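Keep in mind the model is a prediction, meaning the values are calculated, not measured.
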Amino acid sequence: MKYTNRQKILIVDDEPINISIVAEILRDEYDLLVATNGEKVLQIVSSDPKPDLILLDIMMPGMNGFEVAKVLKKNPDTVNIPIIFLTAKHDNESIVKGFELGAVDFVSKPFQKEELLARLKNTLQIFNLRNALNRALEKSQQYAKTIESQMRLIDKNIIISSTDLEGKIIEVSDAFCKISGYSKEKLIGKMHRILRHPDMPSSLFVKLWETITNGETWHGEIKNKTKNGSFYWLDILIYPIVDDLGNKSGYTAISQNITDKKRVEELSVTDQLTQLHNRMYLENNFSKEIKRAKRYNHSFAVIMVDIDHFKEVNDTYGHDVGDNVLVGISKILSEHIRETDILGRWGGEEFLIICPHTSTSEAYALAEKLRVSIETHPIDVIGHKCCSFGVSAFDVKDETYKEVVKHADEALYTAKNNGRNQVIEYTL
């Protein structure tokens, strides 16, 4: 059969004259299929394309119309094909039975052209709408399943949390629970500070809240504490939750686990023996301090530290003991510097301390305190060890950190020449 977009009507009647009458009425608007008995109907509907509607005579030899309808409505492939009975019977019993078997309408013989066309068009329109609704519903259900599946993937793999306006947690993803070590029940209703790591400065969170309460998005890196006391790093994007009327109801944070990245970064700027910052880290921080000093027109100081007679330790006791001395003095320095000071291993047995917003006299006092702490602190195997110190301040006229380091190094050299175990301040 030649392909056509017109709807297909199956006419079923054991009287050829009746088929001809119906066909004459319908052929201008529909493609027609015909059958003169029930068996032929079942044969036609078993193949594709199936008819869009069946005009089915009730009184036929063999299988009557009711029996054909019963078979069609039991088959899932044909159950949705609308059936209009063609009948000369008008008794209530036949009409009720026809509707019970799934008929959608009756057309009485002899046929009235206008009535037949009207009933046919109405039925097809209703079923076309129903089929369209079913297809839309099916697509909607498929879409809902897709969204549900995507939401499960997001919940499992994306670190998300939502809070109210005060920072109380109202929702977290499974991925958030996994990285933090807390269950949802333990997190919901708690403040986000339950995860705050002591290494994170309060100033960061002040800026964070200032940003999001102004309706802006905050982006940054935060170190959090897990339930068991370990830590993890997140790259976080926090944005306000706003309804259609512009009312803010809370905040959502979407995060990426950057713990491995931060560990790599830390290794790249950490001295592996002493676990202090290495020279590269110190040099990077010099540029920051110079910018800050020039912007606010204040100075910063540098303290150079060198272990006295360190070569003798290696020559006498070996490099393992020498390493222990380096580690021991690193700990003493770490424990006695100020919170804002930046300490690192400059190289060999030399250490360097950057002292932000500090005068030369203040740095001198700090260096003297460190000198005494080292001198009086016992070190395994060798007993006690002393250090020499050189102190200098950055001048805002200086262009690079090399000037201030050079001056501190010159002061340190003077301390060495003057007998060691002392602090010397650089002077012009």
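- Of the charged side-chain nitrogens involved, at least one lies within less than 4.0 Å of a carboxylate oxygen, so that Glu148 and Arg152 count as a salt-bridged pair.
- The CD1 atom of Ile238 lies 8.0 Å from the CH2 atom of Trp209; values are rounded to the nearest 0.5 Å.
- Leu343 approaches Ser330 most closely through the heavy-atom pair CD2-O, 4.3 Å.
- Aromatic rings of Phe176 and Tyr182 (six-membered ring for Trp) have centroids beyond the 6.0 Å cut-off, not under it.
- Under the 4.0 Å criterion applied to side-chain N and carboxylate O atoms, Glu335 and Lys331 are not assigned as salt-bridge partners.
- Closest approach of Gln7 and Asp52 over heavy atoms only: CA-OD2, 3.2 Å.
- With respect to the salt-bridge test (charged N to carboxylate O, under 4.0 angstrom), the residues Lys184 and Asp174 qualify.
- Salt bridge status for Glu403 with Lys406: absent, with no side-chain N to carboxylate O gap under 4.0 Å.
- Atom OG of Ser373 and atom NZ of Lys369 lie 7.0 Å apart (nearest 0.5 Å).
- Between Ile222 and Leu208, the shortest heavy-atom contact is CD1-CD1, 3.9 Å.
- Note that the CD1 atom of Ile179 and the CG atom of Asn224 stand 8.5 Å from one another [nearest 0.5 Å].
- Taking every heavy atom of both residues into account, Val391 and Ala363 meet most closely at CG1-CB, 3.6 Å.
- At a threshold of 4.0 Å, the pair Arg338-Glu362 does not count as salt-bridged, since none of the basic side-chain nitrogens sits closer than that to a carboxylate oxygen.
- Taking the six-membered ring where tryptophan is involved, the planes of Tyr401 and Phe286 are essentially parallel, since the angle between them stays under 30° and well short of 60°.
- A heavy-atom distance below 4.5 Å is found between the side chains of Thr270 and Gln272.
- The shortest non-hydrogen separation linking Pro49 to Lys8 is CG-CE, 3.7 Å.
- Judged purely by atom type and a 3.5 angstrom limit, Thr259 uses its side chain to pair as donor or acceptor with the backbone of Trp233.
- For the pair Glu138 and Arg135, the salt-bridge criterion is not met [side-chain N within less than 4.0 Å of a carboxylate O].
- Thr163 and His192 share no donor-acceptor pair across their side chains, judged by distance under 3.5 Å alone.
- Using a 30° and 60° split on the angle between ring planes, Phe85 and Phe106 fall in the tilted class, from 30° to 60°.
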